[in-house]
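Please read the structure below before turning to the comments.
These numbers were taken from a predicted model, which means no experiment stands behind them.
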Amino acid sequence: TWQIAGGAGIQALLWIALFSAFVLLYRACRLQAPPIAAAVMLVLAWVVLEPRASPRPHVMSFVGLAACSFLVARSSAAGSARPLLLAIPIVAIWANFHVEAVFGASLIGLFALGELLWPRALTRRDAGRALLYATGASVATLATPYGWGLLLYLAENTSVPAMFEVAELQPPHLPAYRAFYVYLGIGAILMLLQPGRLRLWEVAAATLFAWAGLRYLRLTPLVVL
């Protein structure tokens with residue numbers, strides 16, 4: 001893109017990625033919520049994502065995780081594991097852009113395992129099929145020139161803060177990331193106010209991604225996506 005269109009091309013690619021991510025998020029929300037609720041969520045989401053919306057490969061993870069969230073929402077609404085089959089090629093392509101593809105496979109896995117242990121949207125038979133697709137998505141993270149090296153790189157990154165300071169591997173700081181903390185607080189309150197509607201996988205995914213965002217500011221978008 002740089003060779004063909006220079007800086008303008010990079011900016012255009014960035015905006016295409018962001019636009020695609022928000023379209024997918026909106027479609028996911030509309031499967032369970034009215035337009036106004038989905039629109040409000042997207043406005044809040046933009047405030048959280050904006051500090052990380054720089055022209056770097058991680059913006060492709062916004063698209064990938066939004067796509068996986070949409071597939072989970074479709075699967076839940078349809079009561080079928082079939083939509084999750086698309087997660088395998090999506091994760092395979094995504095892994096060649098950025099290491100955070102592992103979080104897409106994790107989301108599919110949490111949904112499948114949660115529905116298997118505590119069925120709410122899927123039957124246990126369909127949940128088992130979803131778990132098979134999640135396994136396929138996990139294997140798809142290896143479909144890069146690095147193979148296992150992608151996962152080793154991710155593991156090595158967890159030890160970096162102990163050796164030297166890298167800004168994006170520090171916890172999110174105030175006031176720059178206050179929107180993240182507000183979003184986290186609102187999300188927690190809304191979940192606690194409707195315990196009867198909560199699903200096991202939703203609690204697991206929210207907990208995992210909140211923990212990741214609180215530990216590394218580069219992962220703050222995971223809570224929204």
Which pairs of donor and acceptor atoms, one on a side chain in residues 7-32, lie under 3.5 Å apart (sequence neighbours left out)?
unit_1	atom_1	unit_2	atom_2	d
S20	OG	I16	O	2.8
R30	NH1	A33	O	2.6

Do the non-hydrogen side-chain atoms of [X] and [Y] ever get within less than 4.5 Å of each other?
| X | Y | answer |
| --- | --- | --- |
| P145 | N96 | yes |
| F209 | L107 | yes |
| L71 | I90 | yes |
| R52 | L217 | yes |
| V102 | L154 | yes |

Run the side chain to side chain contact (heavy atoms under 4.5 Å, CB included) test on V224 and F180 for me, step by step, so that the C-alpha distance in whole Å, both residues' side-chain angles and the decisive distance to 0.1 Å come before the verdict. CA-CA 9 Å; V224 169; F180 164 73; over 6 Å; no
E100: which residues meet the salt bridge (Lys or Arg N to Asp or Glu O under 4.0 Å) condition with it, sequence neighbours left out? R218
In chain order, what residues pass the side chain to side chain donor-acceptor pair (under 3.5 Å) check against S76, with sequence neighbours excluded? R199
Could you pull out the closest heavy-atom pair between [X] and [Y], with the gap in Å?
| X | Y | answer |
| --- | --- | --- |
| L84 | A130 | CD1-CB, 3.5 Å |
| I108 | C68 | CD1-O, 4.0 Å |
| G213 | T220 | O-CG2, 3.7 Å |

Members other than V182 in its cluster, when Ile, Leu, Val, Met, Phe, Trp, Tyr link by side-chain heavy atoms under 4.5 Å? I186, L190
For I4, the other hydrophobic cluster members (4.5 Å side-chain criterion, sorted by chain and number) are none
Does any pair with a residue in residues 58-115 pass ring-ring contact (aromatic ring centres under 6.0 Å, His included), and if so which ones, sequence neighbours excluded? H58-F62, F111-W201
